[in-house]
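Down below is the structure, laid out as structure tokens.
Per chain, numbering begins at 1; letters A, B, ... match sequence-line order.
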There are 2 protein chains.
Amino acid sequence: MLTYTEENYLKAIFQLQEDEKGKISTNSIAERLSTTPATVSDMLQKLAAKKMVNYLKYYGVSLTAGGKKKAINVVRKHRLWELFLYEKLEFNWDEVHEIAEQLEHIQSETLVQKLYDFLGKPKTDPHGDPIPDEEGVFPDLNTIPLAVVAVRKDAIVIGVSDHRPDFCNTYKRLV
Amino acid sequence: MLTYTEENYLKAIFQLQEDEKGKISTNSIAERLSTTPATVSDMLQKLAAKKMVNYLKYYGVSLTAGGKKKAINVVRKHRLWELFLYEKLEFNWDEVHEIAEQLEHIQSETLVQKLYDFLGKPKTDPHGDPIPDEEGVFPDLNTIPLAVVAVRKDAIVIGVSDHRPDFCNTYKRLV
DNA sequence: AATAAAATTTAGGCAAATCTAAAAATTAAT
DNA sequence: ATTAATTTTTAGATTTGCCTAAATTTTATT
């Protein structure tokens with residue numbers, strides 16, 4: 001069983017891996033988690049001992065198959081809870097992230113499954129991010145960055161990548 | 001801010017105080033929380049330092065006004081989440097306790113309030129236990145123990161005090 | 001009331017997660 | 001290719017929550 005903190009590390013590594021596409025540095029993890037590189041170094045060794053990451057000192061980390069599975073499950077739970085808060089409890093979309101950071105660590109596979117069904121097997125969260133299915137597969141949303149949409153061409157905004165309340169608060173909601 | 005563990009101590013003390021009506025012993029807390037008396041002794045001193053309990057060595061503990069408020073809030077959250085799991089996610093009533101033990105520690109007053117409204121400001125959880133309102137006041141349910149109901153008199157069962165899955169599982173649901 | 005039993009607290013330790021400061025390794029720059 | 005700068009790791013501490021074993025205090029028994 002992983003601790004709350006360990007789950008956060010796996011999620012951070014997973015998300016950095018998506019963005020940066022290369023080796024993940026100790027510093028980038030530290031920055032993302034607002035901690036020190038020393039602490040990250042320590043934790044990576046623990047996660048390596050638990051076979052959650054492949055770790056070579058001074059070279060960087062990547063997730064093992066098992067680590068990736070755990071990470072995706074955390075992301076799935078985070079996004080499902082965000083959607084629940086937004087759709088069912090009528091939170092604003094800028095308020096949901098912080099609470100979902102806590103809810104994503106609740107342990108119960110049955111709960112995730114029932115929440116998924118309750119929300120109608122959704123494909124995206126309130127920020128437009130894809131929600132993986134029970135197998136950990138992300139839906140293909142066929143999106144392109146707004147910056148590359150041709151001039152005078154119609155387009156539908158389906159998501160934002162900046163989740164900070166300050167940014168989200170600029171808009172009432174998507175679409 | 002209280003830790004997850006501290007919240008569990010306050011809840012345990014609160015519930016023991018309701019049952020036993022006298023001084024709460026170190027041993028009874030240890031038993032309820034499945035830990036050792038030594039650990040409890042330690043924690044009581046920490047909680048006393050935080051003004052959450054009145055504690056006199058070798059004599060027992062009681063909650064301060066502040067500690068009681070926190071404890072009731074945890075109970076409130078626990079019961080609201082249980083009801084959510086049961087009513088909205090269709091869990092069996094014997095499965096909800098364990099998950100609610102985790103959910104009761106999610107920090108967000110807004111969340112509790114919105115959940116309360118979402119569930120229709122309920123008065124009882126799936127076990128028939130009263131849910132305190134936003135002020136921490138428990139609704140008066142006007143109940144008597146089944147054992148003192150007169151012979152040949154009609155009565156409606158509104159709750160059970162044993163929350164263990166084994167016991168609850170004997171019945172499909174209340175009423 | 002003295003002693004035995006039970007309850008409680010203290011002492012000393014351990015693991016997790018964090019930090020700062022120092023050391024080591026890698027990368028960049030002249 | 002040395003040296004300087006940066007990144008990463010190790011070392012040594014701290015806090016929280018927990019344990020066992022020993023000491024202390026209270027309660028019960030004869």
Side-chain angles (χ1 to χ4, degrees), chain A residues 1-13 16-17 19-63 67 70-71 74 101-102 104-107, chain B residues 1-13 16-17 19-63 67 70-71 74 101-102 104-107:
Chain A
M1 190 96 304
L2 297 171
T3 66
Y4 184 108
T5 307
E6 288 169 334
E7 287 192 344
N8 280 337
Y9 272 84
L10 295 182
K11 188 179 66 157
I13 296 166
L16 286 168
Q17 212 160 293
D19 296 0
E20 298 180 12
K21 283 293 178 201
K23 285 197 194 70
I24 306 306
S25 74
T26 301
N27 268 358
S28 61
I29 299 170
E31 200 181 336
R32 175 169 281 242
L33 297 177
S34 299
T35 183
T36 62
T39 305
V40 174
S41 223
D42 241 41
M43 181 56 87
L44 292 182
Q45 300 183 42
K46 287 176 193 163
L47 288 172
K50 292 189 178 183
K51 310 272 189 215
M52 290 291 131
V53 299
N54 305 113
Y55 174 55
L56 258 171
K57 272 182 198 173
Y58 294 105
Y59 278 88
V61 262
S62 61
L63 295 172
K70 297 273 186 191
V74 176
E101 284 288 305
Q102 298 177 60
E104 71 189 9
H105 301 291
I106 301 294
Q107 305 289 167
Chain B
M1 192 93 304
L2 297 171
T3 66
Y4 184 108
T5 306
E6 288 169 334
E7 286 192 345
N8 279 337
Y9 272 84
L10 295 182
K11 188 178 66 158
I13 296 166
L16 285 168
Q17 211 160 293
D19 296 358
E20 299 180 12
K21 282 293 180 201
K23 286 196 194 69
I24 306 307
S25 74
T26 301
N27 269 356
S28 61
I29 299 170
E31 200 182 336
R32 176 168 280 241
L33 297 177
S34 300
T35 183
T36 62
T39 305
V40 174
S41 225
D42 240 41
M43 180 57 85
L44 293 181
Q45 299 183 40
K46 287 175 192 165
L47 288 171
K50 293 189 179 184
K51 310 273 188 210
M52 289 291 132
V53 299
N54 305 114
Y55 175 54
L56 257 169
K57 273 182 197 170
Y58 294 105
Y59 279 89
V61 261
S62 61
L63 295 173
K70 298 273 185 192
V74 176
E101 284 288 304
Q102 299 177 60
E104 72 189 8
H105 301 292
I106 301 293
Q107 305 288 168

Contacts table for residues 37-45 of chain B: side-chain donor-acceptor under 3.5 angstrom, sequence neighbours left out:
{"unit_1": "B:Thr39", "atom_1": "OG1", "unit_2": "B:Thr36", "atom_2": "OG1", "d": "2.7"}
{"unit_1": "B:Gln45", "atom_1": "NE2", "unit_2": "B:Ser41", "atom_2": "O", "d": "3.4"}

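- For A:Thr26, a side-chain nitrogen or oxygen approaches OP1 or OP2 of D:dT9 to under 4.0 Å.
- Side-chain atoms of A:Lys11 and A:Glu101, non-hydrogen and from C-beta on, do get closer than 4.5 Å to each other.
- Contact annotation for B:Thr5: backbone-only contact, meaning every heavy-atom pair under 4.0 Å involves sugar-phosphate atoms and none involves a base.
- Here the range on DNA chain C touched by chain A, meaning any atom under 4.0 Å from one of its heavy atoms, is C:dA17 to C:dT26.
- Enclosure of atom NZ in A:Lys50 by more than 12 non-hydrogen atoms of other residues, nucleotides or ligands within 6.0 angstrom is indicated.
- Taking atom OH of A:Tyr4 as the reference point, atom P of D:dG17 lies 15 Å away to the nearest angstrom.
- In this view, B:Glu31 satisfies the side chain to side chain contact (heavy atoms under 4.5 Å, CB included) rule with no residue, not counting sequence neighbours.
- For the pair A:Asn27 and D:dT8, the criterion of a side-chain N or O lying under 4.0 Å from OP1 or OP2 is met.
- The rotation axes computed at either terminus of the helix from C:dA1-D:dT30 to C:dT30-D:dA1 lie 10° apart, taking five pairs at each end and rounding to 10 degrees.
- Taking 4.5 Å as the limit, some side-chain heavy atom of A:His105 sits within range of a side-chain heavy atom of A:Asn8.
- Looking at heavy atoms from C-beta onward, B:Gln17 lies in side-chain contact with B:Ile13 at the 4.5 angstrom threshold.
- With rounding to the nearest 0.5 Å, the separation of CG in B:Leu2 from NZ in B:Lys70 is 5.0 Å.
- Taking atom CG of residue B:Leu33 and atom P of nucleotide D:dC18, one finds them 9 Å apart after rounding to whole Å.
- Annotation: proximity of residues 49-63 of chain A to DNA chain D (heavy atom, distance under 4.0 Å) is found for A:Tyr55, A:Lys57, A:Tyr58, numbered in ascending order.
- Considering only side-chain N and O atoms, B:Thr35 lies under 4.0 angstrom from the phosphate OP1 or OP2 of D:dC19.
- Nearest heavy-atom pair, B:Glu104 versus B:Glu7, reported as atom, atom and distance to 0.1 Å: O-OE1, 4.1 Å.
- Rounding to whole angstrom units, CD of residue B:Glu7 and P of D:dG17 are separated by 11 Å.
- For the atom pair CZ of B:Arg32 and CG of B:Leu16, the computed distance is 4.5 Å after rounding to the nearest 0.5 Å.
- Two residues are said to be in side-chain contact when any heavy atoms from C-beta on lie closer than 4.5 Å; A:Ile106 and B:Ile106 meet this criterion.
- Here the options are A:Asn54, A:Leu10, A:Leu63, the test is side chain to side chain contact (heavy atoms under 4.5 Å, CB included), and the partner is A:Leu47; only A:Leu10 passes.
- Non-hydrogen atoms lying under 4.0 Å from DNA chain D are contributed by B:Thr39, B:Asp42, B:Met43, B:Lys46, all within residues 39-47 of chain B.
- Side-chain contact check for A:Tyr9 versus A:Thr3: every heavy-atom pair is 4.5 Å or farther apart.
- One finds the OH atom of B:Tyr4 at 5.5 Å from the CD atom of B:Gln102 (value rounded to the nearest 0.5 Å).
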